[in-house]
Visitor: 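Sharing a structure, written as structure tokens. Questions coming.
Quick caveat: nothing in here was measured; it's all calculated off a predicted structure.
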Amino acid sequence: MAAELTVHQLIAKHRPTLDQALEAIRTRAYWSPHPEHPKAYGEQGSLDMAAGKAAFDALLGTRLDLGQPGTDDFVGGEVSPYGIELGVEYPHADVDVLLPAMKAGQKAWRDAGAEIRAVVCLEILKRISDRTHEFAHAVMHTSGQAFMMAFQAGGPHAQDRGLEAVSYAYVEQVRTPDTAEWTKPQGKREPLALTKQFTPVPRGIGLVIGCNTFPTWNGYPGLFASLATGNAVLVKPHPRAVLPLALTVQVARDVLSETGFDPNLVALTVERPGEGIAKTLATRPEIRIIDYTGSTAFGDWLEANARQAQVYTEKAGVNSVLVESAGDYKGMLANLAFSLSLYSGQMCTTPQNLLIPRDGIRTDEGPKTFDEVVADLARSVDGLLGDDARANALLGAIVNPDVKDRLEAAAGLGEVALASREIANPEFPGAVVRTPVVVKLDGAKPDDEAAYMSECFGPVSFAVAVDSASEAVELLRRTIREKGAMTVGAYTTDEEVEQAVQEVCLEEAAQLSLNLVGGVYVNQTAAFSDFHGSGGNPAANAALCDGAFVANRFRVVEVRREA
């Protein structure tokens, strides 16, 4: 089949989905083309649960040769947080060969235009969606997420974020018309007349530096935003979470090749143990865009040193929940318990600091002292995780030894209100599974402040006693301003307190969730509707996803001619 025909078929196939996505980002209403339920897969070419697991098992111990130029070695070594050695080997690149090869295909990709680039990206996402069960196991065994979370967050939710990025990219590129006829009257003289042509042109090669915990969810926005705006994309996964992004690159290369484009527009590079190639790549002159999720230290380094590139970072923050009063006390406790427990707190959106007045709070069950609130929350977490099977399904596994070390050290920072306990996973005896720890701290003590004003990534939360609601609001402000926050939560029945918290979040640019007591949690965001991060505080310099996330990945070049 001719490439041109294939592209036209893709427009017919995917344009309706693109139009629905454009409407969704306009209205911010709920919408997703990717099913969340595992049983929705298995028809029309997609893998069902058994086929997906078999496909994943068939990958173990193999070499994933992507046919990339400049491959000088194959590297492996991933070990699942569940105790399984994956044994997959991936291409290591000689970037002096690979990067020029990636640039070679950009002219044809640029000239294809925004619509064709968008539908090719949607075809990549569709093929990934068809393999969601396979990808779910890949995410599970690199991130430590429990299967259902890996299936949903690593599958449909990640695909939604990728599609969202494509949609914003399309909107920004078509904001300027392809051509314009310009006529300027000159009185009695002939008018000046020009024909103007406007072309979105890519910045260059985008570099996606993947993270360990959410390789697809955090990787897809930057990958697809750069690709949809005409850039080639080099994917450098986290050494412990290569497989999901390697499979993504494989699918992208297949689709690009089948539609007549250069497959080297998307490539993978992995690092040998201890090689640390991210810094080297990030400062290469060919790299013009960088997307990074991870530690604040390396994010700050990228922002300071990758001067030739447009850098988008999601780093770390200290997320707080202010608890001033509760109209549904039991609902609040259940909601918070789930938020603290999900994926063992290994999310950039998990609450860390619970700011509670030391004199207690008002609730629909009567007054509750500070100690009662913390004890009731501890019981709620215990109740949620009391059954080991349920606990394993919520907690997943500890992703790396650093998280385990922080968890164990946290118990020595203050009075332990909820001790962490070890849970056995019968299916994966090698998994390290721990319940959350909650530690009481005093907001007025400098030694305690050193603890709660530092990010403690993992299943660690601090119940911080403050003198009053106004003190809590000011501590919230200072935390966001100095440390950043991906999320803020608040529970209050007082209109003045609610307005004060809202004003702080507006002034400090932090995303706020108020009085959540149902099935929506502060650490979850929905593509097409919620913004993940704001780009306006130290936790991240970009939001997923908005116009600013895509608009600077390309520039518009004008050609003028006499009419």
Visitor: Any salt bridge between Arg15 and Glu115, counting N to O under 4.0 Å?
Guide: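 Result for this pair is yes, salt bridge flagged.
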Visitor: Would a line drawn from the ring center of Phe74 to the ring center of His92 be shorter than 6.0 Å?
Guide: no
Visitor: Does a side-chain heavy-atom distance below 4.5 Å link Trp217 with Val139?
Guide: no
Visitor: List in chain and number order the residues that pass side-chain contact (heavy atoms from CB on, under 4.5 Å) with Ala543, two or more places apart in sequence or in another chain; answer none if no residue qualifies.
Guide: Asp546
Visitor: Salt bridge check: are Glu172 and Arg553 linked by an N-O gap of less than 4.0 Å?
Guide: no
Visitor: Verify whether one side chain among His532 and Glu314 offers a donor that lies under 3.5 Å from an acceptor in the other.
Guide: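 Short answer, yes.
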Visitor: Does either side chain, that of Thr269 or that of Tyr90, offer a donor lying less than 3.5 Å from an acceptor on the other one?
Guide: no
Visitor: Within 45° of the ring axis of Phe56 and under 6.0 Å from its six-membered ring centre, is that where the NZ or CZ of Arg131 lies?
Guide: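 No - Arg131 does not lie over the ring of Phe56 by the 6.0 Å and 45° rule.
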Visitor: Does one side chain, of Gln352 or Ser320, offer a donor that lies under 3.5 Å from an acceptor on the other?
Guide: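 No, no side-chain donor-acceptor pair sits under 3.5 Å.
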Visitor: With rounding to the nearest 0.5 Å, note down the distance linking CG in Asp111 to OG1 in Thr199.
Guide: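 Those atoms lie 8.0 Å apart.
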Visitor: Any side chain to side chain donor-acceptor pair (under 3.5 Å) involving residues 230-241? Give me the pairs, sequence neighbours left out, ordered by first then second residue.
Guide: Asn212-Arg240, Thr229-Asn231, Lys236-Glu271
Visitor: For Phe298, which residues count as a ring pair (Phe, Tyr, Trp, His ring centres under 6.0 Å) partner, sequence neighbours excluded?
Guide: Tyr292, Trp301
Visitor: Indicate, with yes or no, if the rings of Phe147 and His137 have centres closer together than 6.0 Å.
Guide: yes
Visitor: Can you confirm whether or not the ring centre of Phe531 sits under 6.0 Å from the ring centre of Phe549?
Guide: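 Centroid separation for Phe531 and Phe549: 6.0 Å or greater.
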Visitor: State which residues pass ring pair (Phe, Tyr, Trp, His ring centres under 6.0 Å) with Tyr170; sequence neighbours excluded, sorted by chain then number.
Guide: none
Visitor: Going by the rule side-chain contact (heavy atoms from CB on, under 4.5 Å), which residues pair with Gln68 if we only count those two or more places apart in sequence or in a different chain?
Guide: Leu66, Thr71, Pro91, Leu98, Val249, Arg253, Ala267, Leu268
Visitor: Would you check if the distance from the ring center of Tyr168 to the ring center of Phe224 is below 6.0 Å?
Guide: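 No: the rings miss the under 6.0 Å criterion.
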Visitor: May I have all residue pairs that pass salt bridge (charged side-chain N to carboxylate O under 4.0 Å, His left out) and include part of residues 219-229, sequence neighbours excluded?
Guide: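 Counting only pairs at least two positions apart or across chains, no salt bridge (charged side-chain N to carboxylate O under 4.0 Å, His left out) contact touches residues 219-229.
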Visitor: Could you tell me if Thr132 and Gln159 have a donor-acceptor pair between their side chains, going purely by distance under 3.5 Å?
Guide: yes
Visitor: Can you tell me if Arg117 and Gln173 form a side-chain donor-acceptor pair at under 3.5 Å?
Guide: yes
Visitor: Just checking, any donor-acceptor pair under 3.5 angstrom between side chains of Asn537 and Glu508?
Guide: no
